[in-house]
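Per chain, numbering begins at 1; letters A, B, ... match sequence-line order. As a basis for the values below, the full set of heavy atoms in this structure was taken, side chains included, without hydrogen atoms, waters or symmetry mates.
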Amino acid sequence: MAAGAGLAARRCSPCHPKASWIVSITIYRFDHCIGRYIMAKYPFKDIEKKWQKRWEDEQTFRAVEDERFPKEKRRYVLDMFPYPSGAGLHVGHPEGYTATDIYCRYLRMNGYNVLHPMGFDALGLPAENYAIQTGTHPAVTTYANIDRFRTQIKSLGFSYDWSREVITCDPEYYKWTQWIFKRLFEKGLAYRKEAAVNWCPRCKTVLADEEVAGGLCWRCESVVEKRFIPQWFFKITAYAQRLLDDLEELDWPEGIKQMQRNWIGRSEGVEFEMKVAVPPSQASEGNLEVLSDQKPLAFRVFTTRIDTVFGMTFAVLAPEHPLVDRLLQHVPDDRRAAIEEYRSAAKRLSEQDRLATTHEKTGVFTGLCAINPVNGHEVPIWIADYVLYGYGTGAIMAVPAHDERDFEFATKFGIPIVQVIAPKDGSAVELPWVDKDGVMVASGEYTGMTVAEGQKALGEWMEALGIGERKVQYRLRDWLISRQRYWGCPIPIIHDADGNMEAVPDDQLPVLLPDVEHYEPTGDGTSPLAHIEEFVNCTDSEGRLARRETDTMGGFACSSWYFLRFCDPHNGRQPWSPESVRYWMPVDCYVGGAEHAVMHLLYARFWTKFLYDEGLVPVKEPFHRLENQGMVLALTPFRHPRENERLEVGQPGIQITFEEAQRLPQDQVFYRWEKMSKSKGNVVTPDEAVEKFGADALRVYELFVAPFDQAIQWTDEGLQGAARFLTRVFRIATEVAPWWRFDWEDGLLGELSAPARELRRKTHQTIRKATEDIERFAFNTYIAALMTFVNAFNDFLKMVGPEPTESEKAVACEALQTLILLLSPAAPHSADEIWESLGGGGFTYQMDWPRYDEQLCREDTLTIAVQVNGKLRDTVEVPADASREQIESVALASAKVQAHVGGKAIKKVVYVPGKLVNIVAP
RNA sequence: GCCCGGGUGGUGGAACGGCAGACACAGCGGACUUAAAAUCCGCUUCCCGCGAGGGAGUGCGGGUUCGAGUCCCGCCCCGGGCACCA
């Protein structure tokens, strides 16, 4: 392509005196329609490198805490930082980065001081698993990956302040992660308790959830078990209510807020105690036990429907409930084995499977009963996996008449069902009846009360008698932070000889990750760190021998505060200075994938609130505005299953490579849009895209092709279309260049010709549209508006021909300057290049964002849609200042309209100003 | 299963409750070319009709309204999240 183009290159400097630079490096061809040489392709490679170098040389994107900018003229715009995987950047990453870059460049053009940093989330499982496979230290691969990511990101011309880069595996960074851990520990918000891990009995290791496929280990396919070991937690539940309440003030997508509300899952109810009725034959044994550990056999249950308590016909304990062990001493021998077996089976099921309503209810009867405190009735105690130990008290009162799950269970096991809530009108209902709009029946002295009255009365009664209390329960659980892994931030805790825990003193931070010989799991469930004696052996504050904590922190800890470090990334004495966070925080606009809707965003909010309480940050919320980007999908080949093959539920076919797809008969192959990922072999890297079409084309394409928050279906053709658009912009610039003058405003004299009026209108309308669209992250319509503008500009150039009037030239200059500036955020290399070619100095992002004139946007005439009975029958042109009466009479006069109205009486006429007339004549 | 999104021409998408299909891609026709590519110009929701024109149409079924892609109710399908991937 390039060789042929070289031969075809022509010089046409006589007609483009000011654009000689373009002539020197651009490919020209003669266009017979307009009778001139035009540019066929723009030299993006040279252009992009040149501008990236200039931007870097001039340190133009460096953010400085300049007090001359008042708070409302500062903006902190942040991308969720990437995890640098070995596969390198793929085209999904730049979508969000382009959006923030456009927004930042736009803000700078509007006079804002902008902080726009980038860093890397570098601790985690993939690097460690790679180390296990290859023996390469995770730090080596991680830093190599980071270098690759950084180069790739830089090739796209984003306006990051790279001087603020942070990397979470850098001891200078994780020192402060440990420092925050300590603050949480000191406030009692970091604590240790037993919790379940996925345990593979064959590999003798703890597995991440994603390493468990269908209950089996991903490496050896053994059945994965739950194992209880002591682990570290952050007490996020202490902040549940505030995390819920403060969602109100956030400018986030409503769906994300709703997901967080559901995740926190606030519910109000009553928690009360139920005593176990020990059978007479075992009474003596039971009494002995009561004496021995001072704890009567009893358990607590939580319910949001205390009003249904008279309908309790059984009680259920989660299989993991600690009381089950004690109950086992009292159950008949023949049941003991069944219960033990049930418990070990439950261990193997995931929580999701247990809760699925498709999962048939299972359970075992203990042979024991509990006493319903409101009426003294004995109800059987069952053990069933639909009750989770992690939620509420891990035990429930079961009211099958008014709960779907209890109903299903009772029906299956033949347990009685007693209705205690009925509609107010006394009509019969089908059970289970879960409606709360009813009254209590068969409920002793409470009969006749509404649900709400009964809940209040029963709650008060239980509180008065000390049986139970009203309680707010959250579904939110404390944040499990422990990982029995190597490549994570060490937990800065020391266990002394007496089993007490103390924090590592601040002056000894960071607790450095030591080098290890092997990254393989140790086989006893501890981290590889546990076998490094130099690491583990230490002394406590009194100089006695002690053991260092060997669990590390999950990656979410590191990403819960990186936005604070960006404010002051090189501070060696503090995690950040108070002045820096006061200057920049909160993040005004945070952009990333919706997959982080709950966990990352909730954890970061929690840490920010805690740090606010400690007086360390001036804001209660980290991210004011949130925008989500969509995924990037790629067409992926599949084939239909063969005779001996069976597909899993929901599996569309057998995924194959593109080569296989070529080889196989076409009727066996089909394509689907799948998420781009290394494992699917459908990844397109930005390097390929930049090489073929340039960074600006990639940027424009990714934002044009779909709304920002929707998935993109990646196609090369679409990318080519974006490149074509940029070529057209260059071509227009080349055509207007001979007329160019910086003082074009002086040329706008007298009455404008019709094409000139039209172009000016379009110019100002486009400014308005582009401004509104960038503000609301509607980048696809922003780009579309620029395309429409370019098309209109083209039409104008054709209409005025090679000899336009002075004022037409001036209007063309205004349009070109506007086009360059409006394009600058999206395609900055091209914009700066064209601006320079016109003799302009500096960078376009340092220029002022264009302003539109409302008067100039206004159309001369309006097209009014005319409907008859809501159906479009005609459109009419009217002057922009026509009155309602005039418009209605023109509309009625239309022959097409008359044909449909006929002689019918007109009932009414609906008029929408400037838009539409609807004649209602039924 | 639960929670949250989404479903509009051949394709991606546009559309304050007011002309459905902006802007692109692909396709078709034309110009240029020895030719191809590139570029430029034009057409392009479907059905009926030579045409003028008419009818249908925003996943499916109802409803509200002068008027519904948009609001309400009930379904179907696809995607994301579900606490140790990040």
Examine B:rA24: is either OP1 or OP2 under 4.0 Å from a nitrogen or oxygen in the side chain of A:Arg724? Give yes or no. no

B:rC25 and B:rC43: how far apart are their P atoms, nearest whole angstrom? 15 Å

Pick base, sugar-phosphate or nothing for A:Thr788, based on heavy-atom distances below 4.0 Å to the nucleic acid. sugar-phosphate

Which residue, A:Leu872 or A:Val910, contacts RNA chain B at a nucleotide closer to its 5' end, judged by nearest heavy atom? A:Leu872

Which residue, A:Lys907 or A:Ile256, contacts RNA chain B at a nucleotide closer to its 5' end, judged by nearest heavy atom? A:Ile256

At under 4.0 Å between heavy atoms, what does A:Thr863 touch on the DNA or RNA strands: base, sugar-phosphate, or nothing? base

Considering only the C1' atoms, how many Å lie between B:rC77 and B:rG59, rounded to the nearest integer? 7 Å

So, OP1 or OP2 of B:rA24: does either fall under 4.0 Å of a side-chain N or O from A:Asn791? yes

Which part of the nucleic acid, if any, lies within contact of A:Gln867, taking any heavy atom under 4.0 Å across all strands shown: a base, the sugar-phosphate backbone alone, or nothing? base

side-chain contact (heavy atoms from CB on, under 4.5 Å) with A:Ala208: which residues, sequence neighbours excluded? A:Leu125, A:Glu210, A:Glu211

Would you measure the distance from the P atom in B:rC19 across to the matching atom in B:rG67 and give it in whole Å? 15 Å

How would you list, by chain and number, every residue that makes a side-chain contact (heavy atoms from CB on, under 4.5 Å) with A:Ser894, sequence neighbours excluded? A:Asp874, A:Lys896, A:Val897

Hey, does the side chain of A:Arg731 come within less than 4.0 Å of B:rC40's phosphate (OP1/OP2), counting only N and O? yes

Read 5' to 3' with Watson-Crick or G-U pairs under 3.5 Å, [ ] for crossing pairs and | for partners on another strand, RNA chain B gives (((((((..(((.....[....))).(((((.......))))).((((....))))..(((((..]....))))))))))))....

Heavy-atom protein contacts under 4.0 Å, nucleotides 80-85 of chain B, coded B base, S sugar-phosphate only, - none: BSBBBB

Ion pair A:Glu595/A:Lys675, N-O distance below 4.0 Å: no

Across all chains, not counting sequence neighbours, the side-chain contact (heavy atoms from CB on, under 4.5 Å) partners of A:Ala899 are none

Looking only at side-chain atoms of A:Arg672, point me to the closest of B:rG79, B:rC66, B:rC19. B:rG79

Aromatic ring pairing A:Trp479/A:Trp607, orientation class (parallel under 30°, perpendicular over 60°, tilted between): tilted

Of all residues at least two apart in sequence or in a different chain, which pass the ring-ring contact (aromatic ring centres under 6.0 Å, His included) check with A:His900? none

OP1 or OP2 of B:rU39 versus the side-chain N and O atoms of A:Arg728: is any pair under 4.0 Å? no

I'd like to check the ring-ring contact (aromatic ring centres under 6.0 Å, His included) partners of A:Phe796; sequence neighbours left out, ordered by chain and number. none

When rounded to the nearest Å, what value does the distance between C1' atoms of B:rA52 and B:rA37 take? 43 Å

Just jot down the side-chain contact (heavy atoms from CB on, under 4.5 Å) partners of A:Asp403, sequence neighbours excluded, or say none. A:Arg405, A:Asp406

Just say parallel, tilted or perpendicular for the rings of A:Phe556 and A:Tyr603, cut-offs at 30° and 60°. perpendicular

Any chance the side chains of A:Arg728 and A:Asn791 put a donor and an acceptor closer than 3.5 Å? no

By ring-ring contact (aromatic ring centres under 6.0 Å, His included), A:Tyr911 pairs with (sequence neighbours left out) none

Taking the P atom of each, how far is B:rA26 from B:rC78, in whole Å? 30 Å

Protein within reach of the bases, or only the backbone? For nucleotides 8-16 of chain B, mark each nucleotide 5' to 3' as B, S or -, using heavy atoms under 4.0 Å. ----BSSSB

Can the ring centres of A:Phe228 and A:Trp199 be said to be less than 6.0 Å apart? no

Give me the distances for all protein-to-nucleotides 49-56 of chain B N/O pairs that come in under 3.5 Å?
| from | atom 1 | to | atom 2 | distance (Å) |
| --- | --- | --- | --- | --- |
| B:rG55 | OP2 | A:Arg873 | NH1 | 3.1 |
| B:rA56 | OP2 | A:Lys871 | NZ | 3.0 |

Does a side-chain N-to-carboxylate-O contact under 4.0 Å join A:Asp716 and A:Lys692? yes

Same-atom distance (P) from B:rG7 to B:rG17, integer angstrom: 15 Å

Once you round it to whole Å, what is the distance between P of B:rC19 and OH of A:Tyr911? 14 Å

Of the listed B:rC78, B:rC23, B:rC4, the closest approach to the A:Asn262 side chain comes from B:rC4

Whole-Å P distance, B:rU11 and B:rU58: 15 Å

Roughly how many Å apart are B:rG69 and B:rG63, using the P atom of each and rounding to a whole number? 15 Å

Looking at A:Arg776 and A:Glu772, does any basic side-chain N land under 4.0 Å from a carboxylate oxygen? no

Hits for ring-ring contact (aromatic ring centres under 6.0 Å, His included) against A:Tyr391, two or more places apart or cross-chain, chain-then-number order -> none

